[in-house]
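Both backbone and side-chain heavy atoms feed into the values below; hydrogens, waters and symmetry mates do not.
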Amino acid sequence: MRYAVVTEPVVLGIAKGLVSLVIEIDPSGYVGREVGFDSAGVLRHRTPSTTPPFGEYGILGDGPPMDIDVAIRHGNVREITQAEFEAYWARSEITPDPADRPRRKV
């Protein structure tokens with residue numbers, strides 16, 4: 001497994017409000033777990049998750065395999081350690097205050 005922080009504006013534009021997406025990439029290049037934060041450091045995205053509003057679908061997890069080395073060379077992606085990823089993941093298990101959760105348009 002490899003781990004990275006994505007700050008690529010084009011990728012993050014898919015999920016409005018995110019400024020960073022922390023990802024876990026398996027040896028085949030598929031993204032398994034993701035956590036995303038806004039500019040204030042508030043959790044806005046977590047997958048997989050059974051806790052609303054996050055759900056089971058990811059931003060990058062449903063796409064083609066990722067070549068992390070190419071992404072790093074392209075910029076706006078930096079590799080992190082497993083311990084760093086697990087710290088972000090543990091932080092995402094804390095349910096944010098309902099007032100901080102993204103609102104669904106009705």
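- Remark: L21 CG to F37 CZ distance equals 9.5 Å, nearest 0.5 Å.
- In terms of the side-chain contact (heavy atoms from CB on, under 4.5 Å) criterion, residue partners of S28 (sequence neighbours excluded) are, by chain and number, D26, Y30.
- Atom CD of residue E84 and atom CZ of residue R78 lie 6.5 Å apart, to the nearest 0.5 angstrom.
- Using a 4.5 Å heavy-atom threshold, the side chains of R46 and W89 count as touching.
- Taking A83 as the reference, T81 meet the side-chain contact (heavy atoms from CB on, under 4.5 Å) condition, with sequence neighbours excluded.
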**Request:** Would you sort out whether V22 and I80 count as a side-chain contact (heavy atoms from CB on, under 4.5 Å), showing the intermediate values?
**Result:** CA-CA 9 Å; V22 185; I80 61 174; 3.8 Å; yes
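- A salt bridge links E86 and R33; the closest N-O separation between the charged side-chain nitrogens and carboxylate oxygens is under 4.0 Å.
- How far CZ of F85 is from CD of E34: 9.0 Å, rounded to the nearest 0.5 Å.
- A4 is linked by a side-chain contact (heavy atoms from CB on, under 4.5 Å) to I23, I25, I68, V77, counting only residues two or more places apart in sequence or in another chain.
- Using a 4.5 Å cut-off between side-chain heavy atoms of Ile, Leu, Val, Met, Phe, Trp and Tyr, with links allowed through other members, V5 and M1 fall into the same hydrophobic cluster.
- Across P48 and G32, no two heavy atoms sit closer than the pair CD-O, 3.5 Å.
- With a 4.5 Å cut-off on side-chain heavy atoms, D67 and R73 do not count as touching.
- With a 4.5 Å cut-off on side-chain heavy atoms, E24 and V31 do not count as touching.
- No side-chain donor-acceptor contact under 3.5 Å links T7 to the backbone of S20.
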